[in-house]
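This report refers to the structure that appears directly beneath it.
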Amino acid sequence: MTGDAIAAGLHGRWPPPGLELAPTPFPERRAAAETILDRWVRTLASRLPRRSGVDNAIAPQLRAELTQWHRRDDDALRAAAIAAAGPAFRLGHADTASVSTALAAVCVAAHRVLGWEPHPPQRAAAARLLDGRLVELDTGEGKTLAAALAACVSAMAGVPTHVVTVNDYLAERDARAMQPLFGFFGLGVGLVHAGTPQAQRLSAYAQPVTYCTNKELVFDYLRDRMSAREARSPAQLALQPFWRASAGGGPVRLRGLHFAIVDEADSILIDEGRTPMVIASAQDPASEDSTFRELLGLARGMRHGEDFRHRMATREIELTEAGRARAREHASQAIASGDANPIWALAWARERTLSQALRALHLLHRNRHYVVREGRVVIVDESTGRLLADRSWEQGLHQLVEAKEGLAPTGANDTLARITSQRFFSRYLRLAGMSGTLREVAHETCASYRLRTERVAPNRPCRRRVLPPQLWPDRSSRNAAVVCEVRQRLAQGQAVLVGTASVASSQALSQALEAAGIAHRVLDALNDANEAELVARAGCRGAVTVATDMAGRGTDIAPDPAVVEAGGLHVVLTEWHESARIDRQLFGRCARQGDPGSCRAITSLEDEQVASHAPREAAWVRAVWPASKPPGPIIDWLRRVTQQRAQRAAARQRSVTVAQDRQLLGQLAFTGVAE
């Protein structure tokens, strides 16, 4: 068992009397080395369809329990749920009576306090979450309630439970919506997001159930590890509950990593895996400012193909021999002029920082990868489209972008702690998750987390109409087609959601709609002040909303009755994402819970994903159809080529990130093995 697993059990109430977790062979607790054959067999097994024994076994009993408990009063309901919760969480599907009793009691409570009757797919999803599975539940099927049902059972069993989601808006919305259900059983609910003060996080994590965002959770874990390392001795740390161990002047926040229910699991467990979470300390900005600006000037004079090569697909910069020679010559001149900065004397440091300068110039673009707000460079999260106000790029990249924009430097960062999503979430004693788009990454989640993916059929048949896609030669013609599409849908009485991939794209489309006299609202990283109110009005008759990925995962746009009668919400996708999963998430904003809806992809050959991953194929399409739209099969072929290559590049990047993380740990361990 790792040090983190041991630390998870140091507080006094864990495990509760008579409760033993079923073993789950996560990578962090796996001693034997994995062979290529092991990975191949597991990947093959993960692709095979599987029906859940959990649902098949408890479904009849659960229906009978529901009928019984609807006749009981609240006190009897609470007593039955608490009595059955421990065995249900401990044994999962092996003790079907305990699972069905606990879930039935919680479902009846949800109906009484929330007014929502959990339908069969939600009950099945909750049972599988308790069994430690990944569940694919279609968009609009009520994953929020399904997660709350499972979290309620685990919390009543005495297991500290984290419900993890992708952004602050969803964490706050779900915690407030589900609080009455937890309160019915006397369970407190904590909330941790970017706006939660550090002083309040200790009490939030001390609650039986804590709703939190993945980034804040990981960073709090890293802060706790840094504090634990500063403790005076391991013996003193073991003599008191772990979360009260005073180190560095403050208490440790987390009580360990016991059970996590990950909402939008493919985004958090897979997409976020490309970038490690890093805590760093800022250095004196003045000491490096002139050097960064000098390197940026040198990079501006370098020529692509002659001095350097860049790969748009992986965002990598490689200096050629000619580029290295120019760097050496510039360093010699700097040293001769009396510049004592060690970066000029160290070839590896000089070339790494120069590569970062080229990356800042050619691969990171304003209003796509970052925005400038109040004189600061603020990173835009590519997965969610939201601002990361307290984040910065490492290894001087952030300061080089600041120099590129002519801003005052913030100072380079020294890394204090880092961890990848794979290593962090693998440290939970039990892990489960949900998403509407998991089937494409089932093999990777099985390989990385030892989690099987199971699909739950929707409660009602989907009524979504997917209209034929359109592909235009350039962005201007694409925007004109989007304006025409919006005007037609408004004439039919539908509400329209237009999805874009960046702030720049949303602004360009907003200008096109404004020029056409179409009233609309924009939701992006620069216009996020009234997100909840904007989302609530996006389903009104005549509403047009232009949004980045902020309106993708987890956003529930409820159409008005008049809009439903006219055909429901209409979604327009204007740029392919790197994965078809993300496209499906956007289309999933319409036709939810049996409502009608429609969607169409209107893209262009100048979009970033096409230009990065399929430039030759795009050139061929442009040559064959220079002024007209290509047929549907050609559009689908180009999309599949683009997204398959993008996904392979992302998978390679995740693999490299995990390998680097393990290599760093090995270098810091005396034995070559670090936990």
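Note that this is a predicted model, so its numbers are computed, not measured.
Side-chain contact between Leu431 and Leu451: present, with at least one pair of heavy atoms (C-beta onward) separated by less than 4.5 Å. Residues Ile582 and Trp576 have side chains not in contact (no heavy-atom distance under 4.5 Å, counting atoms from C-beta outward). Side-chain contact check for His570 versus Val486: every heavy-atom pair is 4.5 Å or farther apart. A heavy-atom distance below 4.5 Å is found between the side chains of Met178 and Tyr211. With a 4.5 Å cut-off on side-chain heavy atoms, Leu130 and Val153 count as touching.
Evaluation of the salt bridge (Lys or Arg N to Asp or Glu O under 4.0 Å) test over residues 103-113, restricted to residues two or more places apart or in two chains, returns Asp74-Arg112. Residue pairs meeting the salt bridge (Lys or Arg N to Asp or Glu O under 4.0 Å) criterion with at least one partner in residues 194-213, sequence neighbours excluded, are Arg201-Glu216, Arg201-Asp220. Residue pairs meeting the side chain to side chain donor-acceptor pair (under 3.5 Å) criterion with at least one member in residues 151-161, sequence neighbours excluded, are Ser154-Thr161.
Both the sub-6.0 Å distance and the 45° axial angle are not jointly satisfied by Arg255 relative to the ring of Tyr205.
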Applying side-chain contact (heavy atoms from CB on, under 4.5 Å), run through Glu454 and Leu134 and close with a yes or a no. CA-CA 6 Å; Glu454 298 177 4; Leu134 292 179; over 6 Å; no
Could you walk me through whether Arg366 and Glu402 pass the salt bridge (charged side-chain N to carboxylate O under 4.0 Å, His left out) test, one step at a time? CA-CA 11 Å; Arg366 184 170 179 172; Glu402 290 171 334; over 6 Å; no
Do Arg452 and Thr445 pass the side-chain contact (heavy atoms from CB on, under 4.5 Å) test, and can you show the C-alpha distance, the side-chain angles, and the key distance before you say yes or no? CA-CA 8 Å; Arg452 291 296 301 264; Thr445 53; over 6 Å; no
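Neither side chain, Glu272 nor Ser421, offers a donor N or O lying under 3.5 Å from an acceptor on the other. Checking Tyr221 against Arg427 by side-chain atom types alone, a donor-acceptor pair falls below 3.5 Å.
A side-chain contact (heavy atoms from CB on, under 4.5 Å) with Pro118 is found for exactly one of Asn459, Val108, Leu103, Leu145, namely Leu145. Of the candidates Gln593, Arg455, Arg592, Asp138 forms a side chain to side chain donor-acceptor pair (under 3.5 Å) with just one, namely Arg455.
Of the inter-residue distances, the one linking Glu141 atom CD with His119 atom NE2 reads 5.0 Å to the nearest 0.5 angstrom. The distance from atom NE2 of His577 to atom CD of Glu608, rounded to the nearest 0.5 Å, is 10.5 Å.
Side-chain N or O atoms of Ser435 include none that pairs as donor or acceptor with a backbone N or O of Leu438 at under 3.5 Å. Here the side chain of Tyr428 pairs no donor or acceptor atom with the backbone of Ile261 at under 3.5 angstrom.
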